[in-house]
Amino acid sequence: MGKRAKFKFVVGDTERQSEVWTVSITKSDVYLTTSGGKHTKISLHESGRGNWSLQYESLTEAPFVPASGRHLAQWNALDGTRGPMREWFFLLLADSELRQGRPSNEGKVIRIPAPGAMRAVKVVLAITEPLPGPPEEHSVFAQAPIMSLFSHQLTNGRVVVAVWREVPLPPTVKQKMDKVRALAWDTAKSQGLDPVGTKATIRVTDEHGVTGFVEVAPYSGIL
């Protein structure tokens with residue numbers, strides 16, 4: 001098991017793609033950032049607590065700063081369970097939010113094919129109980145139609161496994177995305193900010209009670 005690891009993935013091709021997401025692991029904590037989201041990060045802590053927060057160094061320059069504190073959302077990241085592994089967190093990357101001209105990426109990036117129209121790629125981070133020995137000695141890897149992205153053993157012996165699959169985009173989520181897009185555009189303009197290139201992320205909960213985030217393409221607001 002290693003104290004540090006970093007994995008990058010993106011949905012789509014070089015013509016039309018999502019942001020590049022980076023998953024950074026330090027000891028037994030997991031952090032998620034995007035190529036275009038310099039102000040915020042998502043933290044999944046060994047304690048089971050999850051945070052969506054402004055980064056300390058961005059507190060004086062980030063648009064749409066919360067009225068108090070730096071946390072945009074907090075939750076128990078270990079509530080959901082299903083199958084032999086506990087689902088910890090997920091990202092939903094919809095076909096409608098793939099864009100041209102996304103930031104170029106450096107280093108090794110795992111590329112996931114774009115989903116179909118009105119569909120999304122769901123990337124799930126799952127976590128096992130502590131395992132005696134490296135993960136390759138245990139049956140913790142996904143099989144089609146759920147595809148494995150990566151796995152890494154934390155210093156506490158648990159293994160984080162990232163998998164993905166294509167899913168329909170729920171109409172209720174699409175409605176939230178459109179609402180946030182319109183509201184954030186108006187908010188940016190009212191604050192004298194250029195709404196083109198601002199960021200939006202929506203926190204949702206799936207049918208298993210697991211917290212996740214939906215990426216809304218740049219020009220749509222919030223952070």
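Residue indices begin at 1 and follow the sequence shown.
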Given 3.5 Å as the limit, does a donor-acceptor pair link the side chain of Arg49 with the main chain of Leu44, or not?
no
How far does CD of Glu15 sit from CD of Gln100, to the nearest 0.5 angstrom?
6.5 Å
With side chain to side chain contact (heavy atoms under 4.5 Å, CB included) as the test, would you mind laying out the steps for Val160 and Val23 before giving the verdict?
CA-CA 11 Å; Val160 172; Val23 179; over 6 Å; no
Leu98 CG to Glu19 CD distance, which is reported to the nearest 0.5 Å:
11.0 Å
What's the spacing between Lys41 NZ and Leu32 CG if we round to 0.5 Å?
11.0 Å
According to a 4.5 Å side-chain heavy-atom criterion applied to Ile, Leu, Val, Met, Phe, Trp and Tyr, with indirect links allowed, do Tyr31 and Leu91 form part of one hydrophobic cluster?
no
Restricting to ring pair (Phe, Tyr, Trp, His ring centres under 6.0 Å), what partner residues turn up for Phe213, sequence neighbours left out?
Trp52, Trp75, Phe89
Can you check whether Thr26's main-chain N or O pairs, donor with acceptor, with Arg4's side chain at less than 3.5 Å?
no
If I take atom OG from residue Ser28 and atom CD from residue Gln153, how far apart are they, to the nearest 0.5 angstrom?
9.5 Å
Kindly give the heavy-atom pair with the smallest separation between Val11 and Pro113, and that separation in Å.
CG1-O, 3.9 Å
Just how far is it from atom CZ of Arg86 to atom NE2 of His208, taken to the nearest 0.5 Å?
14.0 Å
Nearest 0.5 angstrom please: Lys8 NZ to Thr33 OG1, how far?
8.5 Å
So, do Glu46 and Thr155 sit near enough that their side-chain heavy atoms are less than 4.5 Å apart?
no
Any idea which heavy atoms bring Val214 and Met177 closest together, and the distance?
CG1-SD, 3.7 Å
Test of understanding: with salt bridge (charged side-chain N to carboxylate O under 4.0 Å, His left out), list the residues that count as partners of Lys176, not counting sequence neighbours.
none
By salt bridge (charged side-chain N to carboxylate O under 4.0 Å, His left out) - contacts of Asp178 (at least two apart):
Lys174, Arg181
Sole residue of Val109, Leu149, Ile25 in side-chain contact (heavy atoms from CB on, under 4.5 Å) with Phe7:
Ile25
Let me see the working for His152 and Val30 under side chain to side chain contact (heavy atoms under 4.5 Å, CB included), right down to the final yes or no.
CA-CA 11 Å; His152 181 78; Val30 178; over 6 Å; no
Taking all atoms of both residues into account, what is the closest heavy-atom pair of Ala162 and Leu125, and its distance?
CB-CD2, 3.5 Å
For the student: nearest non-hydrogen atoms of Asn76 and Gly48, plus distance:
OD1-O, 3.0 Å
Before giving the answer on side chain to side chain contact (heavy atoms under 4.5 Å, CB included), spell out for Arg119 and Leu169 the whole-Å C-alpha distance, their side-chain angles and the decisive distance to 0.1 Å.
CA-CA 5 Å; Arg119 297 179 68 82; Leu169 183 65; 5.7 Å; no
For the pair Asn51 (side chain) and Gln74 (backbone), establish whether a donor and an acceptor sit closer than 3.5 Å, ignoring hydrogens and angles.
no
Please determine whether a side-chain nitrogen of the Lys or Arg among Asp95 and Arg16 lies less than 4.0 Å from a carboxylate oxygen of the Asp or Glu.
yes
Please step through side chain to side chain contact (heavy atoms under 4.5 Å, CB included) for the pair Gln17 and Arg111, ending with a clear verdict.
CA-CA 9 Å; Gln17 67 178 39; Arg111 191 168 291 277; 3.2 Å; yes
Is Ile202 close to Val216 at the side-chain level, that is, under 4.5 Å between some pair of heavy atoms?
yes
Correct closest heavy-atom pair for Lys6 and Ser24 would be CE-OG, 3.6 Å
Identify the two heavy atoms, one from His45 and one from Asp29, that lie closest to each other, and give their separation to 0.1 Å.
CA-OD1, 3.2 Å
